[in-house]
Visitor: 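One structure follows; several queries about it will come next.
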Number of protein chains: 2
Amino acid sequence: MKTETQNYRSKCPLSIALEFIGDKWSLIIIRDMCLGKSKYCDFQASSEGIPTNILANRLRELEENGLLVKRPYQDKPVRYEYFLTPKGADLLPVLQQLVIWTQKYVSECMAPPEDFFTIKPEDLLNRINRVGK
Amino acid sequence: MKTETQNYRSKCPLSIALEFIGDKWSLIIIRDMCLGKSKYCDFQASSEGIPTNILANRLRELEENGLLVKRPYQDKPVRYEYFLTPKGADLLPVLQQLVIWTQKYVSECMAPPEDFFTIKPEDLLNRINRVGK
DNA sequence: CCTATCACTTGCAATAAGCAAGTGATAAAT
DNA sequence: ATTTATCACTTGCTTATTGCAAGTGATAGG
């Protein structure tokens with residue numbers, strides 16, 4: 001993951017994209033947010049079983065990289081919900097193509113939710129306005 | 001990277017895709033093959049500077065996972081060229097979406113080759129028949 | 001007061017990445 | 001014939017990242 005500003009290994013757009021999301025977990029979190037999840041415990045509950053330290057670390061990095069924002073939904077203690085930014089939501093077409101690929105070549109995979117291929121990045125953005133859970 | 005057979009952390013198609021290509025280097029190699037590169041030294045020469053041990057390891061894994069095949073182009077000593085399979089070539093739409101994303105959000109990135117968005121996976125497949133080098 | 005939950009953080013062992021150097025086969029130059 | 005060079009790796013070693021388990025602090029409920 002990229003954290004510090006503008007120091008890419010190359011200027012190839014693919015290579016840069018991989019510095020943002022080229023690991024085993026970042027896109028899993030983005031996926032969960034596409035599916036409507038927003039809280040730490042939601043991400044933790046996913047069937048891949050992300051370790052908690054990696055989850056905390058990735059949420060921080062994804063926020064630093066501008067793919068998501070967090071908003072407190074309670075004080076005492078303060079707890080956050082996480083929402084996709086346009087930059088994060090625009091990874092949806094990437095996810096969709098990855099899912100198409102797996103469905104074509106890996107028979108054991110399960111089907112995505114019914115509307116997964118019809119939703120668009122902008123559909124993911126107003127969730128932050130539907131005040132929190 | 002996935003190596004051994006059918007033991008995925010979950011059956012989610014996105015998660016499975018990431019077990020194949022969810023790292024910083026595999027898609028760089030696939031990209032180079034999409035751009036017509038086929039030999040070890042070609043991959044090594046790319047501006048990201050892949051370490052040689054990782055390159056050898058990724059070529060082996062990508063082959064084990066059926067994304068590419070290798071074919072000797074000389075004996076004494078035997079040397080191989082690498083070619084995308086349909087399974088590997090069908091990652092092109094994923095690459096294209098990743099490039100679209102970076103171009104939208106990272107101004108410092110360079111432009112891909114002119115025809116990058118018009119080529120199709122099947123265009124990448126007959127290169128193995130245009131006999132070597 | 002005891003227990004539990006939630007969102008983390010910390011410690012630590014295991015794995016993977018990254019760098020430099022080495023290897024073996026061969027060809028080309030001296 | 002010996003040296004030099006190349007190509008495709010492999011090996012060794014150091015550093016960084018992962019992943020598991022356990023701990024922490026704030027709070028709520030019984």
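Chain A is the first sequence line, chain B the second, and so forth, proteins listed ahead of strands; every chain is numbered from 1.
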Visitor: Given atom CD1 of I54(B) and atom P of dT15(C), what is their separation to the nearest angstrom?
Guide: 17 Å
Visitor: Could you check whether T118(B) and D115(B), counting side-chain N and O atoms only, form a donor-acceptor pair closer than 3.5 Å?
Guide: no
Visitor: Do S38(B) and R127(B) have side-chain atoms, one donor and one acceptor, less than 3.5 Å apart?
Guide: no
Visitor: Hey, are S47(B) and K11(A) close enough side-chain-wise for a donor-acceptor pair under 3.5 Å?
Guide: no
Visitor: Given atom CG of L55(B) and atom P of dA20(C), what is their separation to the nearest angstrom?
Guide: 17 Å
Visitor: Do the side chains of K24(B) and D23(A) get close enough for a salt bridge, i.e. N-O under 4.0 angstrom?
Guide: no
Visitor: To the nearest Å, give me how far apart CG (N53(B)) and C1' (dC19(C)) are.
Guide: 8 Å
Visitor: Is it true that R71(B) and E81(B) have a side-chain N and a carboxylate O under 4.0 angstrom from each other?
Guide: yes
Visitor: Could you check how far CG of L59(B) sits from P of dT10(D), rounded to whole Å?
Guide: 10 Å
Visitor: Are OP1 or OP2 of dA8(D) and a side-chain N or O of Y82(B) less than 4.0 angstrom apart?
Guide: no
Visitor: Kindly say if W25(A) contacts the phosphate of dT18(D), meaning a side-chain N or O under 4.0 Å from OP1 or OP2.
Guide: no
Visitor: Starting at atom CD of Q74(B), determine the distance to atom C1' of dT26(C), rounded to an integer number of angstrom.
Guide: 9 Å
Visitor: Whether Y73(B) contacts dC7(D) is assessed here as follows: a side-chain N or O lying under 4.0 Å from the phosphate OP1 or OP2. Is that the case?
Guide: no
Visitor: Mind calculating the distance between CD (Q44(A)) and C1' (dT9(C)) to the nearest angstrom?
Guide: 13 Å
Visitor: Go nucleotide by nucleotide along DNA chain C from the 5' end; which of R60(A) and P77(A) gets its closest nucleotide reached first?
Guide: P77(A)
Visitor: May I have the distance from Y80(A) (atom OH) to dC8(C) (atom C1'), rounded to whole angstrom?
Guide: 12 Å
Visitor: Does P51(A) or Y40(B) map to a spot on DNA chain D nearer the 5' end, using the closest nucleotide for each?
Guide: Y40(B)
Visitor: In whole Å, what is the span from the CZ atom of R79(A) to the P atom of dT24(D)?
Guide: 17 Å
Visitor: Given dC8(C), dA21(C), dA7(C), identify the nucleotide with an atom nearest to the side chain of T52(A).
Guide: dC8(C)
Visitor: Establish, with yes or no, whether the OP1 or OP2 oxygen of dT18(D) is under 4.0 angstrom from a side-chain nitrogen or oxygen of R58(A).
Guide: yes
Visitor: Nearest to the side chain of C41(B) - dC8(C), dA8(D), dG18(C)?
Guide: dA8(D)
